[in-house]
Amino acid sequence: QVQLAESGGGLVQAGGSLRLSCAASGRTFNSYHMGWFRQAPGKEREFVGAISWYAGSRVSYVDSVKGRFTISRDNGKSTVYLQMSNLKSEDTAVYYCAAGSSLGLVISGTADYWGQGTQVTVSS
């Protein structure tokens, strides 16, 4: 099994940047596709981005973050990152890390494992 722990959230001004980290523990991290999701108060959980297990040869982003967010992973450190730039107030949400054996299922929100979330608040 895999345990996931997000960090790096906080309060930033619009236009600023944050880098979220998701540290994984357990076995077979390198075999899992990874994803980031977010959920704002009163809204449904939303897919943000995903990266394949094989050194990020395939990536996917929701349209609203393309060009601003970058997902990456360091399998040697068992960590996946979400670099967030040019943040907007609409990005305010709790961000969750997810892991799964199928990239498509991760993107669809049916990942095998989930972290506890980290709060990102963007002020304007």
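When a residue number appears, it is its place in the shown sequence, counting from 1.
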Find the distance between CD (Gln83) and CG (Leu18) and round it off to the nearest 0.5 Å. 8.5 Å
When you measure from the side chain of Asn86 to the backbone N and O of Ser17, does any donor-acceptor pair fall under 3.5 Å? no
Nearest heavy-atom pair of Thr79 and Ser21: which atoms, and what distance? CG2-CB, 4.3 Å
Check: Arg58 main-chain N/O paired with Ser52 side-chain donor or acceptor under 3.5 Å: yes
Quick check for you: to the nearest 0.5 Å, what is the distance between Leu103 atom CG and Ser60 atom OG? 7.0 Å
Less than 3.5 Å apart, any donor N or O on the side chain of Gln13 or Ser123 sitting next to an acceptor on the other? no
Begin from the C-alpha positions of Leu20 and Tyr81 and carry the test side chain to side chain contact (heavy atoms under 4.5 Å, CB included) through to its verdict. CA-CA 6 Å; Leu20 305 183; Tyr81 305 95; over 6 Å; no
Can you see whether Tyr95 engages Arg38 through a side-chain donor-acceptor pair at a distance of less than 3.5 angstrom? yes
Any donor-acceptor pair under 3.5 Å from Thr118 side chain to Ser7 backbone: no
Looking only at heavy atoms, the pair that brings Ala24 and Leu4 closest together is CB-CD2, 3.8 Å
Is it possible for you to say whether Leu11 and Val94 belong to one hydrophobic cluster, with membership spreading through side-chain heavy-atom contacts below 4.5 Å? no
So, taking the atom named CD in Gln116 and the one named CD in Gln3, what distance separates them when rounded to the nearest 0.5 Å? 11.5 Å
Any heavy-atom pair between the side chains of Gln39 and Tyr96 that's under 4.5 Å? yes
Evaluate side chain to side chain contact (heavy atoms under 4.5 Å, CB included) for Tyr32 paired with Asp112, printing each intermediate quantity in order. CA-CA 9 Å; Tyr32 283 92; Asp112 299 317; 4.1 Å; yes
Are Tyr61 and Val122 co-members of a hydrophobic cluster defined by side-chain heavy atoms under 4.5 Å apart? yes
Could you tell me whether a side-chain N or O of Glu6 sits under 3.5 Å from a main-chain N or O of Cys97, the two making a donor and an acceptor? yes
As a quick check of understanding, evaluate side chain to side chain contact (heavy atoms under 4.5 Å, CB included) for Thr92 and Gln119, giving each step before the final call. CA-CA 8 Å; Thr92 295; Gln119 177 71 49; 4.1 Å; yes
Determine, step by step, whether Val12 and Thr121 satisfy the side chain to side chain contact (heavy atoms under 4.5 Å, CB included) criterion, reporting the C-alpha distance in whole Å, the side-chain angles of both residues, the deciding distance to 0.1 Å, and the verdict. CA-CA 6 Å; Val12 298; Thr121 303; over 6 Å; no
Taking His33 for the side chain and Trp53 for the main chain, is one N or O donor matched with an acceptor at less than 3.5 Å? yes
Trp36-Phe47 aromatic ring centre distance below 6.0 Å: no
Using modelled atom types and a 3.5 Å cut-off, is there a donor and acceptor pairing between side-chain atoms of Thr110 and backbone atoms of Leu105? yes
In terms of side-chain geometry, is the basic nitrogen of Lys88 or Asp91 positioned less than 4.0 Å from the acidic oxygen of its partner? no
Mind listing the closest non-hydrogen atom pair of Ala93 and Ala40 along with its distance? CB-N, 3.8 Å
Could you tell me the separation between the CD atom of Glu90 and the OG atom of Ser124, rounded to the nearest 0.5 Å? 8.5 Å
Mind checking whether Leu87 and Phe69 have side chains closer than 4.5 Å, heavy atoms only? yes
In short, Arg73 meets Asn75 closest at the heavy-atom pair NE-OD1, 2.7 Å
Do Val120 and Met34 sit in one hydrophobic cluster, given that two such residues count as connected whenever their side-chain heavy atoms are within less than 4.5 Å of each other, even indirectly? yes
